[in-house]
Enquirer: 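Starting off with a structure, shown below.
Fair warning: this is a prediction, and the values are worked out from it, not measured in the lab. We name chains A, B, ... by the order of the sequence lines, and we start the count at 1 in each one.
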Protein chains: 2
Amino acid sequence: MNLKELSQHLNLSQTTVSRALNGYPEVSEATRARVKEAALRMGYSPNARAKGLATGRAQAIGHVLPVSTQNEMVNPVFGDFLAGAGESYARAGYEVMISLADDTAEERAYRALRNSGNVDGLIVHAPRRQDPRIPLLTELGLPFVVHGRSTETEIPYSWVDTNNRRAFRRATEFLLDLNHRRIALINGIEHLDFALRRREGYAEALTARGLQTDPALMCSEEMTEIYGYRAARRMLAGDDPPTAFLVSSMITAIGVRRAVHELGLELGLDISVITHDDDLGYLKNGHDVPIFTATRSSVRAAGRQAAEMLLKLIDRPESGPMSHRFEAELIIGASTGPAHERMP
Amino acid sequence: MNLKELSQHLNLSQTTVSRALNGYPEVSEATRARVKEAALRMGYSPNARAKGLATGRAQAIGHVLPVSTQNEMVNPVFGDFLAGAGESYARAGYEVMISLADDTAEERAYRALRNSGNVDGLIVHAPRRQDPRIPLLTELGLPFVVHGRSTETEIPYSWVDTNNRRAFRRATEFLLDLNHRRIALINGIEHLDFALRRREGYAEALTARGLQTDPALMCSEEMTEIYGYRAARRMLAGDDPPTAFLVSSMITAIGVRRAVHELGLELGLDISVITHDDDLGYLKNGHDVPIFTATRSSVRAAGRQAAEMLLKLIDRPESGPMSHRFEAELIIGASTGPAHERMP
DNA sequence: CTGAAACGCCAAAGCGCTTTGGGCGCCCTT
DNA sequence: AAGGGCGCCCAAAGCGCTTTGGCGTTTCAG
């Protein structure tokens with residue numbers, strides 16, 4: 001059932017049927033009702049490609065997930081981000097298109113995506129420092145919102161981000177206030193911008209108290225459970241081990257906890273842990289008593305915000321680069337406590 | 001840059017340029033080379049919508065994630081499934097389109113998706129018992145592959161699934177062999193088919209040994225960490241508590257472990273736990289020694305398989321309903337041990 | 001040397017929709 | 001009674017691509 005058939009069935013022109021369906025005023029309410037009823041009854045719904053060709057809009061948003069060869073995993077945070085964004089998209093009648101972009105042919109992929117006309121705008125995930133995608137997309141004139149930011153990118157762009165630096169500075173200060181001096185940082189991959197900022201916040205807090213960062217207490221990898229486990233085991237086995245860990249994700253913190261338990265130590269008593277908490281649907285940080293002391297910032301809310309922003313940007317591109325920064329909340333849980341000496 | 005411009009630039013017709021680019025034989029290799037070179041140099045890439053209109057194929061696959069109002073979370077397994085499927089899609093030049101389908105207007109949503117022409121086929125996630133989407137999609141003539149199966153659906157359809165029943169039967173038998181008699185089942189939502197089958201496997205194993213299922217030892221909810229924690233706490237606090245848990249996901253098992261530890265009990269010693277393990281990228285079940293005894297089946301592999309199947313089905317629909325069943329592997333980890341009495 | 005087949009290319013129609021630029025009645029005004 | 005305005009509707013062009021049918025030129029067998 002297409003427009004032509006529907007219009008023939010109604011003895012109306014395609015024009016009139018199209019206008020009736022799309023709410024244009026040039027058609028009487030009587031025929032509009034008649035058309036709508038018939039469309040519903042006969043199960044008519046428009047061909048999105050044809051509509052897109054004619055209007056020049058795809059009614060779809062692209063999400064580009066960088067999947068490099070070393071970094072094959074899809075960030076578990078993505079699902080929640082999408083769930084948040086999806087609400088806004090659905091309300092505005094937009095679809096979601098996912099591109100798993102191999103980062104070897106990045107530029108060509110983005111150019112092709114623009115030319116394809118498949119999307120009206122996109123969300124850029126996992127920005128790096130000086131991310132080349134930002135100037136590229138700006139040049140291509142494709143509206144986009146970055147989830148995160150890109151240090152050392154001079155040109156203006158739209159973004160939604162958490163104040164990662166401040167969150168990790170605060171968390172570090174909290175541990176310092178509890179008299180911890182050997183604080184380890186189990187960070188995400190540091191060519192990603194958020195991880196960089198977290199390290200900076202951590203380092204700032206230490207320096208402000210006259211402490212040095214210790215390379216032996218810092219590591220940077222993909223945020224898996226195993227990574228947290230191994231890093232904690234390794235560091236705790238060293239001489240002059242840390243008394244506290246600052247961890248980049250709940251999943252990784254769970255690995256740290258496993259290592260701590262295996263060594264017969266107790267969280268919050270022998271070893272303190274603060275983690276960042278994205279407030280994922282399937283991994284809530286406790287209900288009444290939080291499991292971990294954490295810097296919490298809902299990735300779902302970020303998704304919602306980014307989507308709203310992008311839709312606005314598509315609607316009125318001149319409304320210029322926008323940005324929104326979420327402040328993370330410091331949640332005090334049972335995984336932190338005052339530092340004290342460990343038995344050797 | 002579109003076809004017309006490119007062809008004018010080359011002093012060729014659109015026909016010839018199109019054929020040159022798409023590998024048709026009616027054009028000499030000399031001009032083909034010339035055309036390809038120019039296309040590359042001038043950054044030409046086709047408009048997917050126009051191409052789709054003309055060919056009737058969208059070169060895109062839809063993934064429909066049911067997002068009901070109670071069940072707002074996106075299954076964390078989805079990312080890995082997509083990563084697996086994405087490899088196949090990319091190789092065949094297909095894009096991915098996500099629909100977060102509200103299950104209230106399911107039928108209309110699927111009809112509209114078909115009419116929209118946005119996808120050539122789709123993957124159905126989270127099938128339920130007697131899932132109405134299967135007859136609907138069959139009637140619509142849209143190729144699809146179900147990730148999972150649908151009990152009590154009579155018409156044939158294509159699917160990729162894990163042998164959930166057998167996996168949970170084996171796991172239960174393993175616990176029974178270790179002399180456990182009070183075995184709890186912390187299941188996923190049982191209106192989803194996979195959870196149903198798991199419960200059946202569990203019940204079968206018990207009945208085969210002359211044991212009864214005990215409603216107090218069975219529960220069914222969304223597979224979050226908190227759920228595992230609460231269920232385990234509640235059951236362990238009851239009189240005649242379980243000595244073993246059979247858990248539906250790693251995340252939930254982590255919640256169970258947390259509860260067990262909080263009660264001062266030790267996994268594998270006081271309490272045994274077997275979990276299903278989807279082999280997620282960010283949550284590997286150990287490296288040398290598995291954390292949990294588990295029934296493992298890679299959801300990524302399932303994604304790859306489902307994608308291959310769907311692409312084949314799109315290519316030759318008459319190649320009929322296909323199916324592939326993965327057998328889960330029973331991994332023996334440190335979370336299980338012989339049953340013995342607990343101090344009251 | 002001729003006719004047919006093969007080759008290399010082109011013009012134009014068509015995919016399903018939107019949108020421009022009218023056109024035809026009818027009512028209201030003057 | 002004529003003119004203007006408005007409400008309602010239509011025909012046709014166009015979005016960027018593929019594909020059908022055809023046309024001139026070579027090539028090669030008979």
Enquirer: Under the salt bridge (Lys or Arg N to Asp or Glu O under 4.0 Å) criterion, do A:E308 and A:K312 qualify, and how do the steps go?
Expert: CA-CA 6 Å; A:E308 296 287 355; A:K312 217 170 290 170; 5.9 Å; no

Enquirer: When we call it a touch if two heavy atoms are under 4.0 Å apart, what does B:T15 touch: a base, just sugar-phosphate, or nothing?
Expert: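 Base contact.
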
Enquirer: Is the distance between the ring centroids of A:Y89 and A:H63 less than 6.0 Å?
Expert: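 Distance test on ring centres: under 6.0 Å, yes.
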
Enquirer: Is it true that, when you exclude A:E154 itself, more than 12 heavy atoms of the residues, nucleotides or ligands shown sit nearer than 6.0 Å to its CD?
Expert: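 Atom CD in A:E154 is not packed in, count stays at 12 or less.
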
Enquirer: Any chance you could measure B:L313, atom CG, to B:E318, atom CD, to the nearest 0.5 Å?
Expert: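 Interatomic distance, B:L313 CG to B:E318 CD, rounded to 0.5 Å: 9.5 Å.
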
Enquirer: How would you label the contact of B:N11 with the nucleic acid (heavy atoms, under 4.0 Å): base, sugar-phosphate, or nothing?
Expert: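 Sugar-phosphate, backbone atoms only, no base.
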
Enquirer: Nearest whole Å is fine: how far is D:dC10 C1' from A:L3 CG?
Expert: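 Going from A:L3 (CG) to D:dC10 (C1'), I get 14 Å.
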
Enquirer: Looking at residues 18-40 of chain A, who's got a heavy atom less than 4.0 Å off DNA chain D?
Expert: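 Heavy-atom cutoff 4.0 Å gives A:R19, A:E26, A:V27, A:S28, A:T31.
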
Enquirer: May I ask you to say whether B:R32 pairs ionically with B:E29, meaning some side-chain N is under 4.0 Å from a carboxylate O?
Expert: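 Salt bridge flag = yes for B:E29 with B:R32.
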
Enquirer: Side-chain N or O of A:T16 versus OP1/OP2 of D:dC9: is the shortest distance under 4.0 Å?
Expert: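 False: A:T16 side-chain N/O out of range (4.0 Å or more) of D:dC9 OP1/OP2.
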
Enquirer: Between atom CE of B:M322 and atom CG of B:L310, what is the distance when rounded to the nearest 0.5 Å?
Expert: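 Those atoms lie 8.5 Å apart.
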
Enquirer: Salt bridge check, B:D193 against B:R129: does any charged N sit closer than 4.0 Å to a carboxylate O?
Expert: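 So B:R129 does not pair with B:D193 through a salt bridge.
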
Enquirer: Charged N to carboxylate O below 4.0 Å: is that the case for A:E139 and A:R111?
Expert: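 A salt bridge is present here (some side-chain N lies under 4.0 Å from a carboxylate O).
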
Enquirer: First contact, last contact: which nucleotides of DNA chain C are these for chain A, 5' to 3', heavy-atom distance under 4.0 Å?
Expert: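 Result: C:dG16 to C:dG21.
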
